[in-house]
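Below is one structure, written out as structure tokens, with a few remarks after it.
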Amino acid sequence: MLESVDPFMDPQEFFPDMGPEGLELMRREAPRQLCQKTGKMLLPIQGFLVKTPQHVILIDACIGNDKTCEFEESWHKRSDGRFLAGLRAAGATPEDIDFVMCTHLHIDHVGWNTQLEDGRWVPTFPNARYIFPASDHDHFSSERGVAYQESVLPVIAADQAELVGPDHKLGDYLSLIPTPGHTPGHVAVEVAHAGKVAVVTGDLMHSPIQCLKPEWNFAYDHEPELAAESRRQFLGMASQRQDLVLGSHFPLPSHGKVVAQSDAFAWLED
Ligand SMILES: [Zn+2]
């Protein structure tokens, strides 16, 4: 479910390692991630609905409505029905969701976890268990940032949260891939069935350009070297297994395959 596609940060601020040459490379290799008008990164914000024979699962919960965001105006106090309409169009109501899995606890992945009701934050998905990476919870609960207070803490208070390790499995189809670096407990989510694997990247990567340049870190990766190592490992595995890769912030349609190419990788969009 797509919530928005808006310009977000100058590419050379987004990827400080890029430099002018890297920007040229991006213009050639990932042109649709650049806003023609502003020159900024175009960043889709989306969650993914997975229906297995056992469960209905939402992977990542976007920005949400009425949330406080000090650093990005277009994310601040939104009032937009697109995400929930998308959920319904995909054949699920909020009541249908059995599990919400957050790849990490950043503001654009936890927003719809909660919504404002009579001035209080309450879980948007009343019947869901919410799966949060425990190491991310440790980190963000000590920081007590606004996203944690508005979108994570109310879920814990409602006794709907499960803090899990990176080896957690959900039913017969879903498992986590530990991909720390962007945040301490970041995970990608793997959906496997009949020998085929799809992976939701979360913010392990933000752009297909990072297939060619896995060493390019996002400016706000928590541990840049670890993030780059997680990307290399993941790209190696995904190219070998020929996974269907769902890049959370990749240009729409955001899915494709990764192939090995010289000392890095290439992105083959579906
Ligand atoms: Zn993100």
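Hydrogens, waters and symmetry mates are skipped; everything else that's a heavy atom, side chains included, is used. In each ligand, atom 1 is the first atom listed, and ligand 1 is the first ligand listed. Predicted, not measured: the structure shown is a model, and the values here were computed from it.
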Would Asn113 and Val100 count as a side-chain contact (heavy atoms from CB on, under 4.5 Å) here? Give the steps. CA-CA 8 Å; Asn113 282 358; Val100 178; 3.6 Å; yes
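Among the backbone and side-chain atoms of His109, an N, O or S atom lies under 2.8 Å from the Zn ion (ligand 1). Contact annotation: His249 places an N, O or S atom under 2.8 Å from the Zn ion (ligand 1).
Under a 3.5 Å cut-off, the side chain of Ser230 and the backbone N or O of Pro180 do form a donor-acceptor pair. Listed for the Thr201 side chain is a donor-acceptor partner under 3.5 Å among the backbone atoms of Ser248.
Under the 30°/60° scheme for interplanar angles, the aromatic rings of His206 and Phe14 are found to stand perpendicular.
The Zn ion (ligand 1) lies closest to atom OD2 when only the N/O/S atoms of Asp203 are considered. Nearest N/O/S atom of Asp108 with respect to the Zn ion (ligand 1) is recorded as OD2.
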